[in-house]
**Q** 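Structure below; questions to follow.
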Amino acid sequence: MAAVAAAPRPLLVYFGRRPEPAPPIQDSRLKDLAAKALEAARGAGAGYADVRLTHDWSTGGGVAMAESLAAGVRALVNGYWGFASGPVWGSDEMARLGREAVHQARTNSLGNSRVVELAPAPAVRDGHWVMPVKIDPFEISPSEIQDFLLSLKIYAERFPGTSVQNVDARFLKQEEALASTEGTYCTQRVYGSSGDFSFNLVKGDKGLGRALDGLTPAGLGFERFRDAPLREAIRRLIAEMEEDLTLPEKPVDVGRYDAVLNARCTAGLLAATLGPATELDRALGYEANAGGTSYITAPFDMLGSYETGAPSLTVMANRSEPGGCATVQWDDDGVVPDEFTLVKDGVLVDFQTTRESAGWLKGYYAAHGRPFRSHGCAAAASAIDAPLERTPNLVMAPGSEAADFDDLVAGLTAGIAVKDMLVDVDFQHSSGSGRLYYEGSRMGSTYEVKRGKRVARIVGAGILFRAPEFWKSLLKVGGLASAQRHGFLDTKGEPPQNGCHSVTAPPAVFKQVTLIDPLRRA
Amino acid sequence: MSGLGRFLRLDDSLRFLSREECAALVQRIRGLAQGGGETEVDITSWWSGELRWARNRVSLASDRRDIRVHVSRALPGVTGDGNVMTNQLDDISLTAAVREAERWAHRSKHFRTDIVTSVPDFQYAKPAIWSDTSYGLTTEERGRIARALVDPAEAAGMLSAGYIEVRAQGTASTPQEKPLMYAQQTTAQCSMTVRDPEGRGSGWAGGSSYDWTRIDPEALARRALEKCLASRNPVTIEPGRYTVILEPQAVHELVAWVVSDLNKRQAAEKEPGPLNAGYDTALRLGRSKLGLKVVDERVTISHDLMDPALGVIPFDDDGWGPYPVQAVTWIDHGVLTALSYGREYAVRMLTDNVPIAPRMAYRMSGGPTSVEEMIATTKRGLLVTRFSGVSPLSEGLFTGLTRDGVWLIESGKVSKAVKNLRFTDSPWFVLNSLEQLGEPVPVFSPDAPAIVPPLKARDFSFTSLIDAI
Amino acid sequence: MRRLGMLLSALVLGPVTPAAQGQTLFATPDTLDVARYTTVEACLAATQRVKDSVENQREWIWRDTLAQTPARLAEDARTPLPAPVMAVARRCSARFAAGSAPLEDFAPLLSLFVAAGRDADAGALLARRLREVGPTADRERAAVLDTAIHVYLGNNQLPVGHFWPLPLFAQPARLAAAESLVTAFVHVNSVPWHARFDSYGALALAALSADTILASRAVRQMLAVARGLSDLERRSSAFQSRAWAINLGLMVDRKAALLDSLRHGTAAYVALWRELWGEVAGKDSAVLDGFARPIGRPAPPIAADWWFGRDDSTVGRPVKGKVNLVVFLNPGDFSCFEIDLSSLCNRTYAGLRRVAQRFPTLEITLVAQTYGFFDKAAPPPPDVEAVLLRRAWLTERHLPGTLAVTNRPFWRLPAPDRRRINRDVPNVTNYSFGRTWHVPNWIFPPFLIDQDGRIVETQFRSFDADLPEMIAILLARQATSPQSGDVRE
């Protein structure tokens, strides 16, 4: 009976006439199935084609358990892309998708020409990879997850004055097979998990609401709940809240202040500004009708010279860090992503690329003696969706000194310190506002700092920033031990697709940040 | 042969599940249930034809389709809170989904009684939500249309990016003890952004409808190009309070939030906000501003699903049984006359069987003044194409950004393009500071149709400049 | 891969779950290995989950078909936790030892040990925790004892305004242990009177079904606390809010004397109550108001727009010359249709039915009113709703007696608000006797009325406790000649 509760539910695949249960993704028959799609696409005239088969499982978001299959074919004909997808894994359907993808591409390849040069990528010969997680959340009983979440609630409520508002966990698992007409065939299994634990603390007639910090999306299994020091984190958070409740509250005094931002805020600002701004397709106008463009307005000119931030700012990107939300072995072009630098000592040195967008940098790479390759940023949420260029995991280099948030605060003569922020940025990912205001639950806190000590809580504040200046105003960066990783969900494309990437950043001090009252009208 | 067989057909005449197929599917799923009780099934199946372009070339053309089957089981005496989703239609997958739903029902301790009164039967309207033209807009036609839209921008040396989509969806839900409710609808959208290659200007235009023939793509392309050209090299102006002339799209981006509030009667009664009138200690209940004048008397916000341009799915069910969506006038000449609510509120608080269904589709009344006349009668003001990123701050106050064209008006004439600005203001204030209104037109709103006028309002608060063009 | 294969062959061959058969409709709860759990809270969560699922299985059938007699309740109170629940608690708690577990886990671990039936370990843990408390740390000692009392009494306790985050599983309640803890608790300095009162009350309530001697003892001690208070203390809201508990306590403690006085007449009964209230609440009329029930007053006639289930329409109700029970159904907006099947509502129905069966000459009048809707539908006219109410109460729930339904008066907020505002039902107003007393909004407030038409009692622990004895006494008593005027307050 335990096997029934734990094993995945089988879905059906039409290898031949009769359906059979969907096998694990490494089954060789799936390779044959994929080949049929490519055959049909080639036969219809594709210069290049790839096919994705995905098997997705997820929990959360109003659905106790969701499981689905999807298949999608992408075809390139004379520089034009076509795509077709559907929910069936079957031989006939593969052929239909292959032909339809080419039909879509062809219909738009008449008339005006378009050139696509895909950066070279070695073909993957029967690769297989599984994201190493300790506990597959779909292989354990949901009751164990339920017990764990309830146990956190019971634990937190042993502290007087606490009441838990929300506790939940969401998981996803995806098995994907990818094949291309260049001979690539690879299969991989990835996981994702995220959660929420928020509660209120009431002491007398004062109260605060907060949420645990470390439960943002990540490429981890159930171990990120079960084996994480969450009880310690709850105790620490309660202690912080108790301390905060002893501080007086002050309204915001608008002006410019040096500001210490904790790791989560720094990561959030990076995710809102430099992350999207360095997507090459976005910078060239491929999202102009949707999310917008980039403040790196002349990508080819600015590459190598544009100062995006202070010399202490270095941002690297990868899709390999264990636990990263965007971590994979192969991207959706079949490329092994590399670790690369986007910003070095403040200067823009590269862009996020796929095989197609790397093609736009061919000349630049050649002129600078750099390899002509994609950085592996292609991603599709599932095979129903066409791959897009998506942000990989970002890592902001820590400072050389070992300083954490409290140390940075201690080093501030006068200014503010910020622990949580809701970022709102314009459609070039440049000018933005950060909402710090405290509404009784989930938001907070912003502190007034005097002579290295937090002396009051500032209520109802916000900041205004312009990304280029903001990152140049970076004064100090926290040390390696103070860096934290947070996962960010975002949407891109038309039609919109969900994506997720991690950002690791330390706390940091910024010079003369503009503090405003966000509720004040002109 | 299972419904899955449909998808194995090589023709593409059946791209989503019909009423009959959904009914048969529901029958099958109910037949797989074990342990009595009820089985609720919701099925959504869709097909989408998409075409996207950027930098004057099509970047991707797609044909996609998918299904979502949601199953939840209410066992005798126990209702779990798990609904299970699969996108496969064969017996084994569905059986497994039903078993999973039963395990979830078993896991939670939500009780219900076996006393179930019959929810009355209702008549449902047949609004215009399906268009054969939209469903039949072929890949070839989409391609031809896109090229015709791009060519003028390219000829003018600008860069066009845009998106065309036609989509058909079948939605089936199975309220307890009632026959299957089903609706099939199409949505079509076309939008584009034309930008100066040096990034000195940007213009946008868009349209959406269930019926492709109601969208005039060429007119949209012309407008987007004109705005792009006219918006180049914008100058900086001081933030502050301005008289604004908002084009219908910009008005929609504010008023949609108003409509969202109008859809929440209980929140208006209980929570502080623009529609709340406090707590009545004598009656011991919260009061909303129903019956009070809340905006300018020229404003009427209503929705009639039988309006050929405003059709929506004619039924809804929020857990207390299905009911028909009917016409509503929320704000009548400035007076708040209705707020939407669900069936439980209707039965318990109003002893009514039919609630006022919440919905985001709406029509806002207008006036006789054209945008040109508004400009001509403005001494100093700003003309805004649209807003972006409008988000709530607190109790009716919002922030957002202008986008794709802002112009300064001086002495009755558009004088220069200006840089984009961030605003901090409230749609409620805007609707109370109206000067002039124009003719309502359909706006770009693929999720729920809206007909909105342009307007001129006083004292709109722009709080800072932004860099983005 | 192999596991998947096994699973698949099971599915292909036939259905996995067994055919529905009575109470084995659901698969048994997941048997994941809780021995792997490392925290006490996770064990408590697992125990709670298994308990919920066992209860789901057991109680979706109307409990009422399994007679909910006092004997059965007493038996339930003495029955240990269901075996699967104890087994989970035991298995999960195996890794925790009373001697070595960190004392910061005291409260949850105590609850877990009790759930697992590891009473000796629970005692040892408690002793260890108490030793750790300094000799002068009164507040801490009181807190530890209070926690332990709650754990030992399980869910069988008065809601004393505690926010209790732990699931509690003491079944049966550990009464002897709890009693000695209560004794220690009340002797700690600095424990305020209401905490002492509540601890005796919780003990009494838990013991009522299982150990009447202990219960009586606890009740007496609880009442002694009330008697020992100053007039100032009695004017506090803490005292006022415990009036109902004091009343129940007096009912239990002085039952023999009260029943005896009732044999002499309603006036004697009422007089004894006044004396008892005086002992416990003092002479301050403002305080006594909180205790005042309209006992001894003439029962107002019941008015109705529709009568169901009666033969003779000329007889006014309550019926003169007979013993009457008037029961108010849903006097507020509280609807008892939607509560779960094993609930208080259903047990109350059963009790009422038993009373009717035992006393065929008892005249029962059920008082109900319309709301403008019934369950999930709004019926057009009130007379249709009245018929639905009759069906719900008399037919489906088999409530005995005559049903009096009032077309509840209401008004509407003016358009466009139009919300229905219910007015008071005349029967409720009449039986509320003015501002100092009102028909309680809780489940089925009953009024016992003697043959002279005087209200005898309105507060009972349940329809099975005290009420049958009082009815029997009234029936045995002869109708006395009517007394002039009201019984004085």
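We name chains A, B, ... by the order of the sequence lines, and we start the count at 1 in each one.
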**Q** Quick one: do C:Glu41 and A:Lys153 make a salt bridge, cutoff under 4.0 Å?
**A**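 Result for this pair is no, no salt bridge flagged.
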**Q** Can a donor-acceptor pair be found, under 3.5 Å and without considering hydrogens, that links the side chain of A:Arg158 to the backbone of C:Pro108?
**A**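 Between the backbone of C:Pro108 and the side chain of A:Arg158 there is no qualifying donor-acceptor contact (under 3.5 Å).
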**Q** Are more than 12 heavy atoms, taken from residues, nucleotides or ligands other than C:Arg95, located less than 6.0 Å from that residue's CZ atom?
**A**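 For C:Arg95, atom CZ is crowded (more than 12 foreign heavy atoms under 6.0 Å).
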**Q** Start with the C-alpha distance between A:Gln146 and C:Gln48, add both sets of side-chain angles, then the distance that settles side chain to side chain contact (heavy atoms under 4.5 Å, CB included), and finish with yes or no.
**A** CA-CA 11 Å; A:Gln146 192 182 330; C:Gln48 180 73 62; over 6 Å; no
**Q** Just checking heavy atoms, which of residues 121-132 of chain C are less than 4.5 Å from chain A?
**A**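 Within residues 121-132 of chain C, no residue comes under 4.5 Å from chain A.
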**Q** Would the number of heavy atoms belonging to other residues, nucleotides or ligands and lying under 6.0 Å from NZ of A:Lys203 be above 12?
**A**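 Yes.
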**Q** Once you round to the nearest 0.5 Å, how far does CD of A:Glu144 lie from CZ of C:Arg49?
**A**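 Result: 9.0 Å between the selected atoms.
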**Q** Looking at C:Thr38, C:Leu44, C:Thr39, which has the largest count of heavy-atom pairs under 4.5 Å with chain A?
**A**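 Of C:Thr38, C:Leu44, C:Thr39, C:Thr39 has the most heavy-atom pairs under 4.5 Å with chain A.
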**Q** Looking only at heavy atoms, what is the nearest atom pair of A:Ile154 and C:Ala45, with distance?
**A**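 Heavy-atom minimum between the residues: CD1-N, 4.2 Å.
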**Q** Under the ring-ring contact (aromatic ring centres under 6.0 Å, His included) definition, can you give me all pairs with a residue in residues 145-169 of chain A, not counting sequence neighbours?
**A**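 Sorted pair list: A:Phe148-A:Phe222, A:Tyr155-A:Phe159.
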**Q** Using a cut-off of 6.0 Å, state whether more than 12 heavy atoms not belonging to A:His128 lie near its atom NE2.
**A**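 For A:His128, atom NE2 is crowded (more than 12 foreign heavy atoms under 6.0 Å).
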**Q** Walk me through it: do A:Ile140 and C:Leu32 pass the test side chain to side chain contact (heavy atoms under 4.5 Å, CB included)?
**A** CA-CA 8 Å; A:Ile140 60 173; C:Leu32 61 100; over 6 Å; no
